[in-house]
Amino acid sequence: MAESGEQERLIAEIRQLKQKQRAVILAHNYQLPEIYEVADFIGDSLELAQAAARVESALIVFCGVRFMAENAKLVNPGRPVVLADPKAGCQMANMITAEALRRRRQELGDVLVVAYVNTPAEVKAEADICCTSANAVRVVQSLPRSPKILFVPDRNLARWVEQETGREIIPWEGFCYVHAQFTVEDVRRARIEHPGALVVVHPECPLEVIQVADRVASTSGMVRIAREVKELVLGTEAGMCNRIRREYPDCHCYPLRRTAICRNMKLTSLDDVKAALQGVVPEVEIPAIVAERAQRALKRMLEIS
Ligand code: 13P
Ligand code: SF4
């Protein structure tokens, strides 16, 4: 991270460049605190897709991971979108390919495919509908009772949605390495260390962890909960507590594990944002044949959100 004087200068420079380029900066909740300072909108995957769809400026600079920038391009194809650090991917999204999904679908016969948005555009193009952590239950409830549902790629989210909807779900064996590491023991320890705190976990956590928590929420759901409580333990990426402190400085927020860091979400720096605004970062490109089908699955999700 740059020294604080240097950082302030960079932030001022980015704000000026942003105006000059008529750009909008969208940032995920897990981004570094200095990125919040230059963002026009900070949110979870669903809110970011909704915000991207509304953008009328000349350029969208995305601070997050690749699938999120692709979502922005899919919902607003007329605008150039750049991912500030093009190396930032999501490890879970890389646990599935379109080819593997096509093969599995053929093996299973008649199934409806629900794709978590943490997937490449090519995978969304093979899906019937998309979902995020904020609307996965609602999306599955909106589907007919037959045929069965193949839910990709997060097996933990799939199991939670199965529990909440009573629908039979065939999971893909993907997972998030940040959330899959949480244990029931982590929750037990957190309750001893912070007896007054509400324990809120992300639905990418293992089901047994979800079952001992007080609430389940998407990352922005966690921000909304923080408005109502004085003390929170969050079973998600540890940086999420920075986001809570920024919005509600009086809420005491503790990560369930301080080491739960998504490396890719921490890649984006202010220098990257500046470079993106200077036009030296390549635009997100999605081949038309993929985009058309992926847009359909995303649009279906947005219509019921
Ligand atoms: P949210 O949509 O809840 O922000 O989750 C995205 C994500 O990648 C969580 O790991
Ligand atoms: Fe992907 Fe997990 Fe990082 Fe979210 S926290 S972006 S699911 S690797």
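Throughout, numbering of the chain's residues begins at 1 and tracks the sequence. Both ligands and their constituent atoms are indexed starting at 1 by order of listing.
- Interface of S133 with ligand 1, defined as ligand atoms under 4.0 Å from a residue heavy atom, comprises 1 (P), 2 (O), 3 (O).
- In this structure, a donor-acceptor pair under 3.5 Å is present between the side chains of Q211 and Q163.
- Distances below 4.0 Å separate heavy atoms of N118 from the following atoms of ligand 2: 7 (S).
- No side-chain heavy atom of K299 sits less than 4.5 Å from a side-chain heavy atom of R296.
- One finds a salt bridge joining R191 and D214 here, because a Lys/Arg side-chain nitrogen approaches an Asp/Glu carboxylate oxygen to under 4.0 Å.
- Side-chain contact between Q31 and I42: absent, with no pair of heavy atoms (C-beta onward) separated by less than 4.5 Å.
- Less than 2.8 Å away from atom 3 (Fe) of ligand 2, the protein contributes these N/O/S atoms: C262 SG.
- In this structure, T132 has no heavy atom closer than 4.0 Å to ligand 1.
- Interatomic distance, OG of S218 versus CZ of R224, reported as 5.5 Å (0.5 Å rounding).
- R245 and N242 are linked by a side-chain donor-acceptor pair at a separation below 3.5 angstrom, with hydrogens and angles left out of the test.
- Ligand 1 is never approached by M265 to a heavy-atom distance shorter than 4.0 Å.
- Taking 4.5 Å as the limit, every side-chain heavy atom of H179 sits out of range of all side-chain heavy atoms of N156.
- With 3.5 Å as the limit, one finds no donor-acceptor pair spanning the side chains of S45 and Y116.
- Looking only at heavy atoms of the protein, atom 2 (O) of ligand 1 is closest to S45 OG, 2.7 Å.
- Between S269 and D85, every side-chain heavy-atom pair lies at or beyond the 4.5 Å cut-off.
- The Y30 neighbourhood of ligand 1 comprises atoms 9 (C), 10 (O), with distances under 4.0 Å to a heavy atom of that residue.
- Partners of Y254 according to the ring-ring contact (aromatic ring centres under 6.0 Å, His included) rule, which considers only residues two or more places apart in sequence or in another chain, are H194.
- For the residues H202, E204, E237, M68, the heavy atom positioned nearest atom 10 (O) of ligand 1 is part of E204.
- Against a heavy-atom cut-off of under 4.0 Å, H28 is close to the following atoms of ligand 1: 1 (P), 4 (O), 6 (C).
- Atoms of ligand 1 lying under 4.0 Å from any heavy atom of N118, numbered from 1 in the order shown and given with element: 7 (C), 8 (O).
- Within ligand 1, counting atoms from 1 as listed, the ones closer than 4.0 Å to a heavy atom of S218 are 3 (O).
- Taking only nitrogen or oxygen atoms, main chain and side chain alike, D44 does not reach within less than 3.5 Å of ligand 1.
- A heavy-atom distance below 4.5 Å is not found between the side chains of L267 and D272.
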